[in-house]
Amino acid sequence: MRDIKELDLVLFGGTGDLVMRKLLPALYHLQKDGLLPGGARIVAVARETLDTPAYLETATRNCEQYLGQDFDAAEWARFCERVDYLAIDALEPASYASLAQRLGEASARERVYYLSTSPSLFSATCRNLAGAGLIHARSRVVLEKPLGHDLASSRQINDEVGRYFGEDQIYRIDHYLGKEPVQNLLALRFGNALFEPLWRREWVRDVQITVAEQLGVESRGDFYDKAGAMRDMVQNHLLQLLCIVAMEPPASIAADAVRDEKLKILRALRPITGPAVSTRTVRGQYRAGASGGQPVPGYLQEAGIPPDSHTETFVAIKAELDTWRWAGVPFYLRTGKRMQEKVAEIVINFRAVPHSIFGAPADTAHTNRMVIQMQPDETVQLHLFAKQPGDVIQLRPVHLNLDFAETFRTRRLEAYERLLMDVMRGNLTLFVRRDEQEAAWSWVEPIMDAWQDGGEAPKPYTAGTWGPAAASALLGRDGFNWHEEL
Ligand code: BG6
């Protein structure tokens with residue numbers, strides 16, 4: 001990892017939502033914590049004709065809102081001294097001259113180009129950066145999702161970006177990998193000898209990965225309707241979580257050691273094709289309902305959504321891995337918008353004892369279980385059985401609870417703060433390599449094709465619930481329940 005002092009960070013899509021809501025607040029926090037290199041300069045770039053003061057006025061308004069209590073006017077004013085705005089049409093080669101002028105000679109300064117724009121602009125942006133002589137050995141490019149619409153389009157983007165940047169200069173962001181609890185899962189698995197012997201088919205009965213949101217599509221209807229939950233969440237976030245849970249211990253935390261192991265998992269996913277698509281996958285779409293006690297519209301009534309849209313806002317999948325460690329262990333994946341709660345968690349259900357000397361536990365649905373919750377709380381719970389106090393031995397489920405906020409009272413880095421630090425330091429471990437990304441597309445694509453060819457509408461579910469009944473049946477057929485149903 002490099003120790004960076006001089007750095008230029010160029011944010012394409014500088015007026016967009018991600019820059020305003022996530023990247024500028026993350027950079028501000030890094031400065032406040034003394035983590036942003038002293039000589040770092042930030043250049044926000046977008047098409048709108050604005051000057052730097054006008055840009056900073058909007059940025060200030062937005063960041064004040066998103067940072068809430070963390071906004072400190074004096075610190076923010078210091079932060080703004082680093083920020084410049086340039087109006088550039090990404091498609092127009094001539095407009096890069098002003099960026100070249102602003103960045104000056106290729107010197108010892110590191111350069112990070114963060115492409116927070118539509119992927120349709122990635123190729124032209126890289127070509128024009130190269131044309132203006134702005135890419136050198138110490139340049140890096142950060143690519144925001146969605147990286148393509150399917151395997152072919154993601155390959156095309158990778159080929160085009162790859163003409164100008166080497167793979168070790170390309171940082172494909174999956175912000176779930178930047179979440180503290182996801183890294184804690186690595187620490188839990190590979191920093192403790194305790195779990196490794198249990199982390200396999202002999203002891204694990206099933207794994208459940210849930211990322212449920214309470215929000216609907218908000219103002220992103222137009223984008224979302226072309227994507228759907230499979231492209232928006234499963235292809236990237238959920239499969240990356242599955243990799244971290246299931247991968248073999250890497251030889252080190254070095255980028256390729258970790259990414260090689262994740263790739264093996266993605267390639268070991270049993271393809272879901274033909275009739276298996278209807279028995280192993282469920283897709284749903286929310287109807288009007290309630291969220292947080294307030295009535296909310298259905299997906300088809302949201303702005304920008306065609307009234308006959310078949311786009312899924314919910315997906316549940318029974319995935320299987322063809323490896324010695326995991327053969328026969330179902331990995332149930334589930335994600336949806338407008339669900340009952342906002343919760344992101346990984347549940348490892350362990351098998352029952354081979355012979356119970358106490359008779360069956362009072363509640364046979366409970367097992368030993370590890371619940372790694374990422375949202376809303378960062379906790380790890382171990383569900384065990386203990387004796388119910390009394391004159392007979394009767395078992396009762398109890399929890400060991402590790403609450404990271406309680407245990408470590410320091411402020412934890414937000415996902416984007418952590419990932420921006422890694423980009424600046426040149427650490428690729430938490431970024432997705434091209435072959436991983438393409439392996440993920442190869443697995444989800446036949447499922448999406450079968451949905452489309454089948455022509456069936458997604459199953460309706462009421463906003464504010466846990467999704468269509470078919471999602472419960474997916475586990476019910478195997479004799480299991482989703483974690484919250486217990
Ligand atoms: C994004 C998706 O990648 O992740 C959004 O595009 C989704 O649709 C978001 O809302 C969820 O992220 P988080 O960190 O809020 O769970």
Side-chain angles (χ1 to χ4, degrees), residues 13 16-23 25-26 29 66 68 114-119 142-149 154 171-185 209-242 244 283-286 291-292 296 299 302-305 309 311-315 333-346 372-379 404 412-420 430-432 437 440-441 444 448 458 463 467:
D17 210 43
L18 188 83
V19 171
M20 291 293 172
R21 280 194 320 133
K22 298 283 185 190
L23 301 184
H29 269 307
Y66 295 120
Y114 197 121
L115 308 193
S116 160
T117 57
S118 154
V142 184
L143 305 180
E144 259 300 333
K145 69 180 261 287
L147 277 171
H149 194 68
S154 97
Y171 290 70
R172 295 180 192 83
I173 287 248
D174 185 310
H175 79 278
Y176 264 69
L177 293 180
K179 289 184 188 268
E180 188 75 14
V182 176
Q183 288 153 49
N184 243 317
L185 179 57
I209 302 178
T210 296
V211 180
E213 298 183 82
Q214 274 188 317
L215 293 177
V217 292
E218 306 299 290
S219 55
R220 296 161 76 223
D222 199 33
F223 155 78
Y224 192 88
D225 198 59
K226 294 188 195 83
M230 189 72 143
R231 291 185 175 89
D232 190 42
M233 298 294 290
V234 179
Q235 187 273 342
N236 34 69
H237 307 322
L238 274 88
L239 288 185
Q240 284 295 325
L241 292 177
L242 181 142
I244 303 278
R283 61 179 189 143
Q285 192 184 69
Y286 63 82
S291 178
V296 291
Y299 179 70
E302 301 272 18
I305 308 298
S309 170
T311 298
E312 76 286 352
T313 60
F314 173 95
V315 176
L333 312 178
R334 174 177 58 161
T335 184
K337 298 232 179 250
R338 282 282 184 238
M339 297 190 61
Q340 189 163 322
E341 282 169 31
K342 178 173 171 71
V343 58
E345 66 181 18
I346 298 168
I372 301 143
Q373 187 169 100
M374 293 163 277
Q375 287 168 175
D377 300 318
E378 297 182 5
T379 56
F404 290 100
R412 286 182 306 295
L413 295 187
E414 287 284 329
Y416 275 100
E417 295 174 35
R418 168 68 206 243
L419 294 174
L420 281 164
L430 297 177
F431 297 84
V432 180
Q437 192 200 25
W441 276 120
V444 298
M448 295 188 301

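Along the sequence shown, the residues carry numbers beginning at 1. When a ligand or atom number is given, it counts from 1 through the structure's own listing order.
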For atom 14 (O) of ligand 1, the closest protein heavy atom turns out to be Lys179 NZ, 2.6 Å
for atom 11 (C) of ligand 1, nearest protein heavy atom and its distance come out as Glu213 OE1, 3.8 Å
| message | Does this structure show an ion pair linking Lys22 with Asp17, if we count only N-O contacts that are shorter than 4.0 Å? | response | no
among protein heavy atoms, the one nearest atom 8 (O) of ligand 1 is Asp232 OD2, 2.6 Å
Separation between CZ (Arg172) and NZ (Lys145), nearest 0.5 Å, reads 15.0 Å
closest protein heavy atom to atom 15 (O) of ligand 1 is Lys342 NZ, 3.4 Å
For Arg231 and His149 the tightest heavy-atom approach is NE-O, 2.6 Å
Can you establish whether the number of heavy atoms outside Glu414 located under 6.0 Å from its atom CD is more than 12? no
Of Leu333, Thr210, Val315, the one forming a side chain to side chain contact (heavy atoms under 4.5 Å, CB included) with Leu238 is Leu333
Quick look: Tyr176 vs ligand 1, heavy-atom contacts under 4.0 Å, and the answer is side chain
Logged contact type for Glu144 with ligand 1, heavy-atom cut-off 4.0 Å, is neither
Side chain to side chain contact (heavy atoms under 4.5 Å, CB included) with Gln240: of Leu430, Val432, Val182, only one passes, and it is Val432
Can you find an N/O atom of Tyr224 closer than 3.5 Å to an N/O atom of ligand 1? no
Atoms of ligand 1 under 4.0 Å from any heavy atom of Lys337, numbered from 1 in the order shown, are 5 (C), 7 (C), 8 (O), 10 (O)
In this structure, atom 12 (O) of ligand 1 is nearest to the protein heavy atom His175 NE2, 3.1 Å
Phe314 and Met339 have their tightest heavy-atom pair at CE1-CE, 3.7 Å
